[in-house]
Amino acid sequence: MLDAALAFFVLGAFAKLVNIDLRLPAPIHDAITAYLLLAIGIKGSAALVDSDLYTLIDDILLVLAMGALLPLLAFAMLRYFGSVGQVDAAAIAAHYGSVSVATYAIAVAVMDSAAITYEAHLPLLLVILEVPAIFVGLWLARAGFLKGLGAAGSAGLQSHGLDRETLREILLNKGVVLLLAGIAIGTLIHGNGDSALKAFFTEPFKGVLAFFLLDMGVMAANCARELKQRLAFLVSFGIAMPLLGAVAGFATAALIGLSAGGSALLAVLGASASYIAVPAALRQALPQANGGMAIAVALGVTFPFNVMVGIPLYLHLAQLLA
Amino acid sequence: MDREAAFIASVVATLTLIPILLDTHSSLTAALVVTLSVVIVTFIVDRRVRRPDVGAVQLCTIQSQSQSRQH
């Protein structure tokens, strides 16, 4: 059975295809995004109150390695199979090494509905996975790594580089700050037993997510229309990469020793592609890259694929592997 | 078969195999079938869009060859 919240995503996408504008006003979209980020942080902070962060160092290092490996894999595929230009391939690779909070939120909602438990420090890993792919993407764009794999060259590359503004955008973007703030404030909420605030950030979560998905459906349908060039290859890449990312997530989860629920969530993180934090950082650091193409694949292909097919598939696989 | 076509074919093959390998419930199978259809239709549309370009290139080649023979 299709999760009821996902029906809102289908509604938004369908409405866009028949030219009915169900897009939410930008301030409402921003407010809902902020709510979801804070709620995920607060939700995840519950078990962090009593845990020792030093015990998580191994997990964090392994997840960092996964975050660095995924863009390398994406870059190699884009260059070797699609002959995508070096700068554009590096930009798309950065999107696919990073994560989508919306996809994670949907996976959490689906797992909560099915009463599947998972480790509470997953939101922390979500925050950590936001960052390394951007650095790897910038390095790939500049260094000409795997240069012989594709046909297209790196002519005309003039990156603004890692200046102060770019570093600030990578490490202190709105998503990272709100998630970390959610975790920090969540430890206070859980520590003080503030039930009113806790209820505000947990009870309406799925309803707000459904409203958010309506908007995401409109945006995904809009982005899919932008995929005019290299349509077949980019659609195939947008489906193949999350499957490979999920495999990387499962492998990392096995090394860390996560539960079935935790493995499924790490697979979702590996499979998802960023369309908020990374585009903002790359606009600053790599203005020559075709950002529109990267967002179109991430939001127009990978996001709907993960929502409709990926999440149930990764959950099923996690239960089989457990 | 070029690399790009081989890649697209392998994605289609993977999507076809997933429901068979997992023996999954019907909604996931249905979602995979829809995704698979999207990939195949996309592939066909993409090839049709590109075909005129290939034809134009071939036509130009034939014309230039016949012109060089005339000269």
Side-chain angles (χ1 to χ4, degrees), chain A residues 1-4 6-7 9-10 13 17 76-84 110 114 149-151 220-221 224-225 227-244 246-247 297 300-302 304-321, chain B residues 1-69 71:
Chain A
M1 228 1 230
L2 181 72
D3 191 277
L6 299 184
F9 179 81
V10 177
L17 292 174
M77 281 169 69
L78 288 160
R79 295 281 282 157
Y80 185 78
F81 292 114
S83 300
V84 177
V110 170
L149 282 174
R225 287 179 171 182
L227 285 169
K228 286 171 190 158
Q229 291 181 328
R230 313 297 308 279
L231 190 67
F233 172 74
L234 291 174
V235 169
S236 300
F237 173 80
I239 290 169
M241 195 54 211
L243 292 174
L244 290 171
V247 172
V297 187
V301 182
T302 300
F305 175 76
N306 275 330
V307 167
M308 306 302 292
V309 179
I311 292 172
L313 178 67
Y314 312 143
L315 270 172
H316 190 86
L317 275 174
Q319 283 162 346
L320 279 182
L321 293 170
Chain B
M1 191 185 276
D2 61 24
R3 285 174 187 169
E4 189 179 333
F7 175 73
I8 293 163
S10 66
V11 172
V12 171
T14 308
L15 285 172
T16 317
L17 286 175
I18 288 171
I20 301 165
L21 288 173
L22 294 178
D23 189 25
T24 49
H25 55 84
S26 57
S27 65
L28 180 55
T29 309
L32 278 163
V33 168
V34 170
T35 311
L36 185 63
S37 310
V38 168
V39 173
I40 293 169
V41 169
T42 306
F43 182 70
I44 294 165
V45 170
D46 201 18
R47 292 283 144 157
R48 285 203 173 188
V49 168
R50 286 188 198 190
R51 195 176 289 163
D53 293 335
V54 175
V57 170
Q58 285 171 342
L59 187 65
C60 288
T61 312
I62 292 163
Q63 279 176 342
S64 62
Q65 280 173 349
S66 64
Q67 278 170 356
S68 61
R69 275 188 206 128
H71 287 291

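The sequence lines fix the lettering, A, B, ..., with proteins before strands; numbering per chain opens at 1.
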Checklist line | Interatomic distance, E4(B) atom CD to S236(A) atom OG [nearest 0.5 angstrom] | finding: 8.0 Å
Check: What distance separates F7(B) CZ from F237(A) CZ, expressed to the nearest 0.5 Å?
Finding: 7.0 Å
Checklist line | Reported CD1-to-OG1 distance for the pair I239(A) and T14(B), which is rounded to 0.5 angstrom | finding: 10.5 Å
Checklist line | Shortest non-hydrogen contact from I8(B) toward F233(A) | finding: CD1-N, 3.9 Å
Next item on the list: Determine, step by step, whether F305(A) and L15(B) satisfy the side-chain contact (heavy atoms from CB on, under 4.5 Å) criterion, reporting the C-alpha distance in whole Å, the side-chain angles of both residues, the deciding distance to 0.1 Å, and the verdict.
Entry: CA-CA 11 Å; F305(A) 175 76; L15(B) 285 172; 4.0 Å; yes
